[in-house]
Amino acid sequence: MNNPSTPVTDITTSIQDGVVAAVKSLYDHDTAAAQVNISTTRKEYEGDFSVVVFPYTRVAKKKPEAIANDIGNYLVAHLPELTSFNVIKGFLNLVLDKSFWNKFLLNVAMQEDFGKGAAKNSTVMVEFSSPNTNKPLHLGHVRNILLGWACTQILEKAGYKVIKSQIVNDRGIAVCKTMLAWQKFANGATPASTNTKGDKFVGSYYVRFAKEIAAEYAAWQDTAVGQKVFAELGKEGQSAADFFKSYKDKYFNDYSVLGKEAKALLLQWEANDPAVVALWKKMNNWVYEGFEVTYNALGVSFDKLYYESNTYLLGKDMIQKGLDQDVFQQEGKRVFIDLEDKKLGVKTVLKSDGTSTYTSQDIGTARLRYEDFGMDKVVYVVGDEQNNHFQVLFEILKQLGEPYAAGLHHLSYGMVDLPTGRMKSREGTVVDADDLIAEVIEEARKGTEERGDVGAFSEEEQTAIIQQIGKAALKYFIVKVNPKKRMVFDPKESVDMQGNTGPYIQNAYVRSKAVLHKVGQADIALAAQYLDIKPVEQEILITLHSYPGLIQNAAEQYDPSIIASFAYDLAKLYHKFYHDHQIMRAESPEAKAFRLAVSQTTAQVLKSSMQLLGIEMPKRM
RNA sequence: GGCUCCGUAGUUCAAUGGAUAGAAUAUCAGAUUUCGGCUCUGAGGGUUGCAGGUUCGAGUCCUGCCGGGGUCACCA
């Protein structure tokens, strides 16, 4: 039963196993250890862990209190770590020997890699960020990136081999619109010549195209052709404005001069026209340079990049395989899958001209990834508006019998709203990622200067600390929310330093480090003799004890918010501990040594858990 | 309309089917302070959208409503 990642130390599994044995021995009934309901004892009762015994009333045919007594006696007799128990209703509260906690702290929690799960011999690819090359990153991407990054860190810590990847949407009509606008209106300007960040520079031409075509469209509406179209196709009683609003796409395809040029560019690109491809490469590289700056600011990186320009034609052989296996149906050149029975509708995978779709691309890309890495799990970090797409994709890959099909997961997250409502590009309420990062850092700078407590450091150190604080505020604010929930991002609250925030946790870390710095390292031999563990100290130990299990939970559920709450709880407890107990002038040398060990471990675990969220700890604040 | 996710203090968020639903923030009251701003202590604040059901036990599971989001493309 001894899992290498959780040696003797994981007392909860010992208790669960003990309960299984007790139930077998007392009532001759088999239960699974995982089914044993165990939790930490609530503060108002005596004990460390509690077992809920209600589930055994049926097999024992006794009152819950009697069962709890039976099992309690059995456990105390069989588990040396247990000293006593008490029973309240159906709850069996178990009291552990103080030496258990002492040993746990000194022998287990203090280990450098505490929390690290046993190697799982399983490779998981996490796909996140996955931007378009015609738009700079915004607040929505920030949530995606932070969630994705945190997942990679958590999975790695849990014992998986992790590949960080993104697929760049670098082709298509939108990209051609941007290129066209640059050709027509830039006069050869570059990011360097205009001193503009590359992605912003390119993005501005995408916006420029939208403006130009809107003007073109408006002018066309007054022409004889435009009026004729309205007269012929406009519905009874429909205003010209309403009609032309709904006619926009049709106009782009059938009448627009700019639209025609953009489409011609796309055809040239697909035909590998050297001049077009060269321009495309040049502009995309500007974008990548810009993205790199933002990724660096957020502290994320990737192992493998996929480009849609390389993958958009993939998947045809998979489609053929699916046709051979009768997974897909065909109608002329069009290939589709009928998933009505799964309530997922009918999805086209190849269009009637035989060209690819989003679905076929993703089928091909999944296969390519498997050939590249042989992973058995893939996590797609993508917004919840694509739930249907991924359900269909996963179902198809399953029916095709892909070996990794059982390990596919869509980490679907909700949109980020502003207090004023949804972000809308048309109304200019989109929060730019770079602006946001700059803003939180600026706010951190103001806060730090007001308190004036980094004055002793060099300019360089101050800047580093301020950046760490600002980024922590932003990252923690976003990642503490359960991913699947739509969240409200209040810029004001995001830079708060008080309460349930990143800087608050950083503060606990800095405080514990300062204690160690001032008072010295823990004397382990001396600390081992301290058994009069105080309630707050005990709470810290119980919290630390839960860390490895929570990492596994967070990895299984792909939910970084679990780690965020853990870090906050630990920070809060440490602040309280610091407030309640003397360290330097502790009542005994043993107590002092023990409290230093608590401080040291808390510092290390705070750092470790925040690192899982992509948050750095400053040296001082 | 079909499918799906969400609905918890004023607000933003917690709560492996377990004990009296918790934090933060805002508010109020004290304390402290050169400050209406920083810090500390405390208080109030809830029929967990509604109605049923399952269970020893439901915020959590099931059914039906109500409200909100998303999605129902030969776009990506």
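Reckoned from all heavy atoms, side chains included, excluding hydrogens, waters and symmetry mates.
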When the ring planes of [X] and [Y] are compared, do they come out parallel, tilted or perpendicular, using 30° and 60° as the limits?
X: His575(A); Y: Tyr504(A); result: tilted
X: Tyr558(A); Y: His409(A); result: parallel
X: Tyr380(A); Y: Phe390(A); result: tilted

For [X] and [N], give me the distance from atom [atom1] to atom [atom2], rounded to whole Å.
X: Leu266(A); N: A76(B); atom1: CG; atom2: P; answer: 11 Å
X: His410(A); N: G70(B); atom1: NE2; atom2: C1'; answer: 11 Å
X: Glu65(A); N: C56(B); atom1: CD; atom2: C1'; answer: 11 Å
X: Met497(A); N: U39(B); atom1: CE; atom2: P; answer: 12 Å

Report yes if a side-chain nitrogen or oxygen of Lys484(A) is closer than 4.0 Å to either non-bridging phosphate oxygen (OP1 or OP2) of C6(B); otherwise report no.
-> yes

Ignoring backbone atoms, establish whether Gln498(A) has a side-chain N or O less than 4.0 Å from OP1 or OP2 of U39(B).
-> yes

Residue pair Gln386(A) / Tyr358(A), side-chain donor-acceptor N/O under 3.5 Å = yes

Is Ser352(A) side chain donor-acceptor paired with the C74(B) base, going by distance under 3.5 Å alone?
-> yes

Basic-acidic side-chain contact under 4.0 Å: Arg367(A), Asp317(A) = no

Pair Glu65(A) + Lys63(A): basic N to acidic O under 4.0 Å = no

Side chain of Arg422(A) (C-beta onward), nearest among A76(B), G69(B), C74(B) | G69(B)

Of the listed A24(B), C6(B), U39(B), the closest approach to the Tyr568(A) side chain comes from A24(B)

Watson-Crick or G-U counterpart of C72(B), or none if no pair lies under 3.5 Å = G1(B)

Tell me the partner of A51(B), counting only Watson-Crick (N1-N3 plus N6-O4 or O6-N4) or G-U wobble (N1-O2 and O6-N3) with both under 3.5 Å; none if nothing fits.
-> U63(B)

Heavy atoms under 4.0 Å, any strand shown: does Gln386(A) hit a base, just sugar-phosphate, or nothing?
-> base

Give every pair of a protein N or O atom and an N or O atom of nucleotides 10-19 of chain B that lie under 3.5 Å apart, one pair per line with the distance.
residue : atom : partner   : partner atom : Å
C13(B)  : OP1  : Val488(A) : N            : 2.9
A14(B)  : OP1  : Asn482(A) : N            : 2.7
A14(B)  : OP2  : Lys485(A) : NZ           : 3.1
U16(B)  : O4   : Asn37(A)  : OD1          : 2.4
U16(B)  : O4   : Ile38(A)  : O            : 3.2
G18(B)  : N7   : Asn37(A)  : ND2          : 3.2
A19(B)  : OP2  : Arg42(A)  : NH1          : 3.4
A19(B)  : N6   : Ser50(A)  : OG           : 2.8
A19(B)  : N6   : Asn93(A)  : OD1          : 3.4
A19(B)  : N1   : Asn93(A)  : OD1          : 3.4

